[in-house]
There are 2 protein chains.
Amino acid sequence: MATRTDAPTRREQILKEAARLFAERGFHGVGVDEIGAAVGISGPGLYRHFAGKDAMLAELLVGISEQLLTGGRRRAAETAGAPEATLDSLIEGHIDFALDDRPLITLHDRELDRLRDTDRKRVRQLQRQYVELWVAAVREVYPALAEAEARASVHAVFGLLNSTPHLPRPGTLPDRDATAHLLHRLSRGALAAAAGAGGPSPSGA
Amino acid sequence: MATRTDAPTRREQILKEAARLFAERGFHGVGVDEIGAAVGISGPGLYRHFAGKDAMLAELLVGISEQLLTGGRRRAAETAGAPEATLDSLIEGHIDFALDDRPLITLHDRELDRLRDTDRKRVRQLQRQYVELWVAAVREVYPALAEAEARASVHAVFGLLNSTPHLPRPGTLPDRDATAHLLHRLSRGALAAAAGAGGPSPSGA
DNA sequence: CAGGGCGGTTAGCGGTCGTTAACCTGAGGA
DNA sequence: TCCTCAGGTTAACGACCGCTAACCGCCCTG
């Protein structure tokens with residue numbers, strides 16, 4: 001984990017506040033003056049650190065995607081040969097991210113289309129690789145699951161995990177650990193059920 | 001169901017196109033000229049039908065929330081006394097909505113903060129009632145599940161079901177029915193797992 | 001102690017956006 | 001036949017937004 005001890009750089013402050021504001025009000029809904037104000041400088045001062053508003057979003061989205069993929073690959077490597085452990089570790093990693101960086105997780109699947117072509121392609125490629133990492137892990141645990149269904153299930157689990165930003169009230173549910181455990185259980189349960197009955201009619205109804 | 005046969009009103013055309021555009025590029029990312037162009041009229045012509053851009057979003061969001069809640073209540077009433085059937089019916093209804101009205105489901109949890117106070121409160125109240133309907137149904141099937149956990153699980157399942165807009169490619173997965181069945185299985189599996197082990201440590205990790 | 005550049009400031013420009021004003025047209029009813 | 005009015009049109013206004021220009025003070029280094 002290597003928890004940082006040194007003070008955050010001005011660039012990092014800006015990125016953090018920009019992420020929060022973009023997540024709250026949307027990319028187009030936030031002005032550069034507001035971002036500046038959030039870090040104590042005003043408006044055009046941001047251009048000493050970034051080429052423009054687009055560049056902030058691009059750096060955020062590319063950063064998120066790279067971080068997710070890198071972390072996922074590390075976890076997959078650490079647990080190689082133990083499919084159950086790999087899947088659990090991937091889930092755990094994604095949960096940590098969703099709980100600790102809510103604004104980023106929100107941006108990640110919401111503002112992708114606001115990027116320049118080149119950046120958008122890069123982010124999409126990283127996202128695709130991350131999905132494939134999950135699909136492989138899921139299919140090792142549940143070999144009966146067809147690839148298309150595995151991929152759809154993985155997307156669905158992402159949706160489940162990324163729902164944390166609009167949980168009732170942060171604090172209603174006991175604490176962070178309990179939420180993490182619950183999300184973990186929900187994810188495993190969903191995937192197990194996906195693999196359970198592949199055939200046409202599910203069970204009831 | 002009462003499938004409509006008469007031609008859609010101009011207002012309805014506008015709302016439909018506005019929903020699609022808002023979902024694609026965000027509320028602030030779409031101009032009134034584009035919405036007008038999408039229905040063959042241009043720009044200010046929209047003001048013959050709506051008080052403003054905000055009014056379109058408001059009508060969309062209130063409409064969605066009312067439709068979800070009304071449909072949910074009807075389904076709950078139809079299956080009263082049979083908790084499993086109620087839960088299945090709620091899931092089925094939400095899936096139908098997510099698959100048939102993707103833009104609306106996207107808007108529903110994304111652009112809420114762009115509403116005027118009065119409209120936002122109304123939408124939130126409708127959403128809250130819809131959640132409570134689900135929570136009640138879930139807890140009847142899984143009485144062991146604490147309320148806070150049930151509520152969080154319901155939000156998570158919403159996230160799962162609402163993930164359909166960014167499924168890989170519509171068409172990769174066999175067809176609509178197969179997707180619906182998969183989503184149903186995933187949801188039931190997740191909820192069952194939530195109720196399964198309430199205690200601290202989940203299983204592996 | 002001089003000087004340079006990093007990281008700010010304010011003023012302002014150009015473009016876009018939501019909205020209004022003023023005008024027009026074609027169909028329906030008295 | 002004429003009036004009305006629903007439902008369009010184009011022009012234009014005011015506000016806002018992203019970004020650049022021009023300027024400035026402070027710290028660090030030679």
Side-chain angles (χ1 to χ4, degrees), chain A residues 6-62 103 107 110-120, chain B residues 6-62 103 107 110-120:
Chain A
D6 50 340
T9 244
R10 176 66 12 132
R11 269 183 73 90
E12 291 169 335
Q13 286 181 45
I14 295 173
L15 284 175
K16 184 183 164 196
E17 294 303 312
R20 185 178 56 81
L21 289 167
F22 288 161
E24 279 174 13
R25 300 212 284 281
F27 180 66
H28 291 296
V30 181
V32 290
D33 289 356
E34 300 177 72
I35 303 175
V39 297
I41 72 183
S42 235
L46 296 171
Y47 289 77
R48 300 290 166 196
H49 304 276
F50 294 93
K53 201 180 151 192
D54 298 353
M56 298 180 210
L57 183 65
E59 189 156 328
L60 282 171
L61 291 184
V62 171
L107 286 185
R110 189 168 296 195
E111 305 286 357
L112 181 60
D113 297 325
R114 259 56 90 195
L115 256 48
R116 294 199 336 264
D117 265 31
T118 158
D119 292 322
R120 189 171 57 248
Chain B
D6 50 339
T9 263
R10 181 48 35 118
R11 268 183 73 89
E12 292 168 334
Q13 286 181 44
I14 295 172
L15 283 175
K16 184 183 163 195
E17 294 303 312
R20 185 179 56 80
L21 289 167
F22 289 161
E24 278 174 11
R25 300 213 284 281
F27 179 68
H28 291 296
V30 181
V32 289
D33 290 356
E34 301 178 71
I35 303 175
V39 296
I41 71 182
S42 234
L46 296 171
Y47 287 77
R48 299 290 165 196
H49 304 275
F50 294 93
K53 201 180 150 192
D54 299 354
M56 300 181 208
L57 183 64
E59 189 157 328
L60 283 170
L61 291 184
V62 172
L107 285 184
R110 188 168 297 195
E111 306 285 357
L112 181 60
D113 296 325
R114 259 56 91 196
L115 255 48
R116 293 198 338 263
D117 264 32
T118 158
D119 292 322
R120 189 172 56 247

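Computation of the quantities below employed the complete heavy-atom set of this structure, encompassing side-chain atoms and omitting hydrogens, waters and symmetry-equivalent molecules. Order of the sequence lines fixes the chain letters, A, B, ..., with proteins taken first and strands second; residue numbering starts at 1 for each chain. A quick note: this is a predicted structure, and the numbers were derived from the prediction, not measured.
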Let me know the distance between [atom1] of [X] and [atom2] of [N], rounded to the nearest Å.
X	N	atom1	atom2	value
A:R10	D:dC26	CZ	P	17 Å
A:L46	D:dC17	CG	C1'	13 Å
A:I41	C:dG8	CD1	P	5 Å
B:H49	C:dT19	NE2	P	15 Å
B:I14	C:dG18	CD1	P	15 Å
A:R48	D:dA22	CZ	P	13 Å

Contacts of A:V32 that satisfy side-chain contact (heavy atoms from CB on, under 4.5 Å) - sequence neighbours left out
A:L46, A:Y47, A:K53
Just the atom pairs and distances: protein N or O near nucleotides 18-20 of chain D's N or O, under 3.5 Å.
from	atom 1	to	atom 2	distance (Å)
D:dG18	OP1	A:V30	O	3.1
D:dG18	OP1	A:K53	NZ	2.5
D:dG18	OP2	A:V32	N	2.9
D:dC19	OP2	A:Y47	OH	2.4
D:dC19	OP2	A:K53	N	2.9
D:dC19	O5'	A:Y47	OH	3.1

How long is the straight-line distance from NZ of A:K16 back to CD1 of A:I14, given to the nearest 0.5 Å?
13.0 Å
List the steps and the verdict of side chain to side chain contact (heavy atoms under 4.5 Å, CB included) for B:I35 and B:F22.
CA-CA 9 Å; B:I35 303 175; B:F22 289 161; 3.9 Å; yes
Given side chains that start at C-beta, do those of B:D119 and B:L61 come closer than 4.5 Å, heavy atoms only?
no
Is B:F50 close to B:R11 at the side-chain level, that is, under 4.5 Å between some pair of heavy atoms?
yes
Correct closest heavy-atom pair for A:R120 and A:L115 would be NH1-O, 2.9 Å
